[in-house]
Amino acid sequence: MDVIVTARHCEIPADERERIREQMQGLQRFEPRSSRAEVVVTGEKNRFVAEAVLSIDRGARIHGEAAADEARSAVDRLVEKLAT
(Lines give C-alpha, C1' and ligand atoms only; values in the text may rest on other atoms or scores of the structure.)
Protein backbone atom coordinates (compact mmCIF):
# COMPACT_ATOMS: atom_id res chain seq x y z
CA MET A 1 0.00 0.00 0.00
CA ASP A 2 1.18 3.48 -0.85
CA VAL A 3 1.13 5.69 2.28
CA ILE A 4 1.45 9.49 2.10
CA VAL A 5 2.02 11.38 5.36
CA THR A 6 1.56 15.16 5.44
CA ALA A 7 1.97 17.63 8.31
CA ARG A 8 0.18 20.96 8.58
CA HIS A 9 1.32 23.60 11.05
CA CYS A 10 3.62 21.11 12.79
CA GLU A 11 6.68 18.94 12.19
CA ILE A 12 6.71 15.15 12.13
CA PRO A 13 10.12 13.51 12.60
CA ALA A 14 11.23 10.86 10.10
CA ASP A 15 10.97 8.02 12.62
CA GLU A 16 7.38 9.02 13.47
CA ARG A 17 6.50 9.18 9.76
CA GLU A 18 7.81 5.62 9.37
CA ARG A 19 5.75 4.50 12.37
CA ILE A 20 2.62 6.00 10.80
CA ARG A 21 3.37 4.22 7.50
CA GLU A 22 3.74 0.89 9.30
CA GLN A 23 0.50 1.40 11.21
CA MET A 24 -1.42 2.22 8.03
CA GLN A 25 0.05 -0.76 6.19
CA GLY A 26 -1.06 -2.95 9.10
CA LEU A 27 -4.66 -2.03 8.26
CA GLN A 28 -4.36 -4.11 5.09
CA ARG A 29 -5.15 -7.21 7.13
CA PHE A 30 -8.70 -5.85 7.54
CA GLU A 31 -9.08 -4.70 3.93
CA PRO A 32 -6.57 -6.40 1.61
CA ARG A 33 -7.80 -4.41 -1.41
CA SER A 34 -6.64 -1.09 0.08
CA SER A 35 -4.13 0.51 -2.25
CA ARG A 36 -3.43 3.98 -0.84
CA ALA A 37 -3.60 5.85 2.46
CA GLU A 38 -3.33 9.62 2.77
CA VAL A 39 -2.67 10.79 6.33
CA VAL A 40 -2.70 14.45 7.38
CA VAL A 41 -1.62 15.51 10.87
CA THR A 42 -2.63 19.08 11.71
CA GLY A 43 -1.25 21.01 14.67
CA GLU A 44 -3.76 23.35 16.26
CA LYS A 45 -3.45 25.56 19.34
CA ASN A 46 -3.89 22.94 22.04
CA ARG A 47 -4.29 19.69 20.12
CA PHE A 48 -3.41 17.64 17.08
CA VAL A 49 -5.89 16.27 14.57
CA ALA A 50 -5.08 13.19 12.47
CA GLU A 51 -7.15 12.49 9.36
CA ALA A 52 -6.86 9.65 6.88
CA VAL A 53 -8.46 8.57 3.65
CA LEU A 54 -8.00 4.94 2.65
CA SER A 55 -8.57 4.20 -1.02
CA ILE A 56 -9.94 0.75 -1.76
CA ASP A 57 -9.69 -0.77 -5.24
CA ARG A 58 -12.80 -0.26 -7.36
CA GLY A 59 -13.55 3.23 -6.03
CA ALA A 60 -14.50 2.89 -2.36
CA ARG A 61 -12.95 5.25 0.22
CA ILE A 62 -12.84 5.14 4.00
CA HIS A 63 -12.37 8.36 5.98
CA GLY A 64 -11.31 8.65 9.61
CA GLU A 65 -10.45 11.45 12.00
CA ALA A 66 -9.19 11.65 15.58
CA ALA A 67 -7.82 14.35 17.90
CA ALA A 68 -5.56 14.32 20.96
CA ASP A 69 -3.09 16.45 22.91
CA GLU A 70 -0.12 14.83 21.13
CA ALA A 71 0.35 13.91 17.47
CA ARG A 72 1.30 10.33 18.28
CA SER A 73 -1.85 9.82 20.37
CA ALA A 74 -4.02 11.31 17.62
CA VAL A 75 -2.58 8.88 15.07
CA ASP A 76 -3.02 5.93 17.45
CA ARG A 77 -6.68 6.86 17.96
CA LEU A 78 -7.14 7.23 14.21
CA VAL A 79 -5.72 3.78 13.51
CA GLU A 80 -7.93 2.30 16.23
CA LYS A 81 -11.03 3.89 14.66
CA LEU A 82 -10.12 2.67 11.18
CA ALA A 83 -9.51 -0.85 12.46
CA THR A 84 -13.04 -1.17 13.86
Using a 3.5 Å cut-off and no angle test, enumerate the donor-acceptor pairs between side-chain atoms of residues 67-80 and protein atoms at least two apart in sequence or in another chain.
| from | atom 1 | to | atom 2 | distance (Å) |
| --- | --- | --- | --- | --- |
| D76 | OD1 | R19 | NH1 | 3.3 |
| D76 | OD1 | R19 | NH2 | 2.7 |
| D76 | OD1 | Q23 | NE2 | 2.9 |
| D76 | OD2 | R19 | NH2 | 3.2 |
| R77 | NH1 | A67 | O | 2.8 |

List, one per line, each side-chain donor-acceptor pair under 3.5 Å for residues 45-64, sequence neighbours excluded.
| from | atom 1 | to | atom 2 | distance (Å) |
| --- | --- | --- | --- | --- |
| R47 | NE | E44 | OE1 | 2.9 |
| R47 | NH2 | E44 | OE1 | 3.3 |
| D57 | OD1 | S35 | OG | 3.3 |

Do any pairs count as a salt bridge (charged side-chain N to carboxylate O under 4.0 Å, His left out) and have a residue in residues 22-37, sequence neighbours left out, and if so which ones? D2-R36, E31-R33, R36-E38
Run through the side-chain heavy atoms of Ile, Leu, Val, Met, Phe, Trp and Tyr, join any pair under 4.5 Å, and report what else lands in V40's cluster. none
Got a sec, which residues hit side-chain contact (heavy atoms from CB on, under 4.5 Å) with P13, two or more places apart in sequence or on another chain? D15, E16
S34 to M1 - nearest heavy-atom pair and separation: OG-CE, 3.7 Å
Sequence neighbours excluded and cut-off under 3.5 Å, please list the side-chain donor-acceptor pairs for residues 4-11, or say none.
none

Sorted by chain and residue number, the salt bridge (Lys or Arg N to Asp or Glu O under 4.0 Å) partners of E65 (sequence neighbours excluded) come out as none
